[in-house]
Amino acid sequence: MILILASDIDTGDAEYKRLLEHLDNLPNVSHRVHREIGTQSVVTEIYLIGDTSGLSENDMNALPCVERVVRVSQPYRVLGRHRDDHRPSYFEYQGLRFGQDTLHVFAGLCAVDNREHVEQTMRAVRDNGLQCTRMGAYKPRTNPYSFQGHGKDCLPYVFELAGKYDIRVIAMEVTHDSHVEEIREALEAAGNPTGVMLQIGTRNTQNFELLKAVGRQQDYPVLLKRGFGISLDESLNAAEYLASEGNRNVVFGLRGMKTGMGDPHRNFVDFAHVPAVKRLTRMPVCIDPSHSVGTRHASPDGIMDMCHVTAQGVIAGANMVLVDFHPEPSKALVDSAQALRLEEMPMFLEDVRIAREAYLQRAQLVGGNAA
Ligand code: PEP
Ligand code: MN
């Protein structure tokens, strides 16, 4: 059960103390307070954990400071969509809204290789009207002898150039909690010219200690990639780990599954789950066509498979597209086979625009609100 308190509650207030006292005395029920400090107001929610079946919604509604009561009907307490749950399905970061009703394209390098390529990519991102990019500095690799990213050494020029090209948010994978501090220090040293969305990769979806560490900080939102060999429920629970530690600014990323039957693609594309994740949770949903498809092959209609699956995800309501571009794909140190060329960015974005328009029309057709 979730108690949603009246906005801007003062935790020093006598009424608030009375409420906590009452909750402390409930048998076999513990509680956890979550406070969300937004730009407009502070939202306080109290999660009741344990045997709440005997609690009446009316009684709980009558407690001091309580505005609304939501009975948890999904295992994902914080991020799930429960019955009569009107909590928001968006968050704001760096002046941008990330929600189940918005769409952002994060086009950029799978892995940072050198300053020149970062600059060329960011210039193209800016010139194509985008404000977000992807820049991998810490790369988890299957083969221990493969290039694993430049790590913190590349952060100073990545952040400096992001400032130069008005990039608001960079998606960047972290594979260890120390990377969050390295990113924080580098951002501060550069004068905070941009923001970072921390990415948890598919190989770390169930790295619970990493999830807890990243969930404990609330400065950076998180893009959690679905685990490529586990159930959707397990991956949604992984997202809930982040939220249960305090960070609910989470985007859920679909990137294809290792089924052994994905060929001719790198992974079996799972973008049909975009609407399912939006139904089960309040998270915006990202699709990653690059890591799903993994090649630049095109069908006889001339459209690349990567563009086809992007359109399929967007027409189903995806809220974010994470896609690999490179100035010279053949020279990319990681995933060169799947990078799009910078000259292809206008075509890619126009294709996304067409699919988004079609999605909005489809939602209108059934009287929905695309949110
Ligand atoms: C990536 O986005 O660079 C990446 C490694 O993705 P995934 O974790 O989905 O393989
Ligand atoms: Mn990659």
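In listed order, ligands and their atoms are each counted from 1. The model shown is predicted, which means the values in this text are computed figures rather than measured ones. Excluded from the calculations below are hydrogen atoms, water molecules and symmetry mates; all remaining heavy atoms, backbone and side chain alike, are included.
- Electrostatic pairing of Glu344 and Arg296 counts as a salt bridge here, judged by a charged N lying under 4.0 Å from a carboxylate O.
- No salt bridge links Glu185 with Lys152; every basic N to acidic carboxylate O contact stays at or beyond 4.0 Å.
- For ligand 1 and Gly201, the ligand atoms under 4.0 Å from any heavy atom of the residue are 8 (O).
- A salt bridge is absent between Asp288 and Arg226: the closest approach of a Lys/Arg side-chain nitrogen to an acidic carboxylate oxygen does not fall below 4.0 angstrom.
- Regarding atom 5 (C) of ligand 1, its nearest protein heavy-atom neighbour is Glu173 OE1, 3.6 Å.
- Considering backbone and side-chain N/O of Arg203, one or more are found under 3.5 Å from N/O of ligand 1.
- Around the Mn ion (ligand 2), the angle linking Cys110 (SG) with His291 (NE2) is 130°, rounded to 10 degrees.
- The shell of residues lying under 4.0 angstrom from ligand 1, judged by heavy atoms, includes Arg134.
- A donor-acceptor pair under 3.5 Å is absent between the side-chain atoms of Glu119 and the main chain of Met122, judged by distance alone.
- Among protein heavy atoms, the minimum distance from atom 8 (O) of ligand 1 is reached at Thr202 N, 2.8 Å.
- By heavy-atom distance, the residue among His291, Arg255, Met135 lying nearest atom 4 (C) of ligand 1 is His291.
- Closest to atom 6 (O) of ligand 1, if we only count protein heavy atoms, is Lys225 NZ, 2.8 Å.
- Near Lys139, the atoms of ligand 1 lying under 4.0 angstrom from a non-hydrogen atom of the residue are 1 (C), 3 (O).
- Annotation for Gln364: atom CD does not count as buried by contact number, only 12 or fewer foreign heavy atoms lying within 6.0 Å.
- Glu21 has no carboxylate O lying under 4.0 Å from a charged side-chain N of Arg18, or vice versa, which leaves the two without a salt bridge.
- For the Mn ion (ligand 2), the N/O/S atoms of Asp335 include one lying under 2.8 Å.
- In this structure, Glu160 pairs ionically with Arg115, as a charged nitrogen and a carboxylate oxygen lie closer than 4.0 Å.
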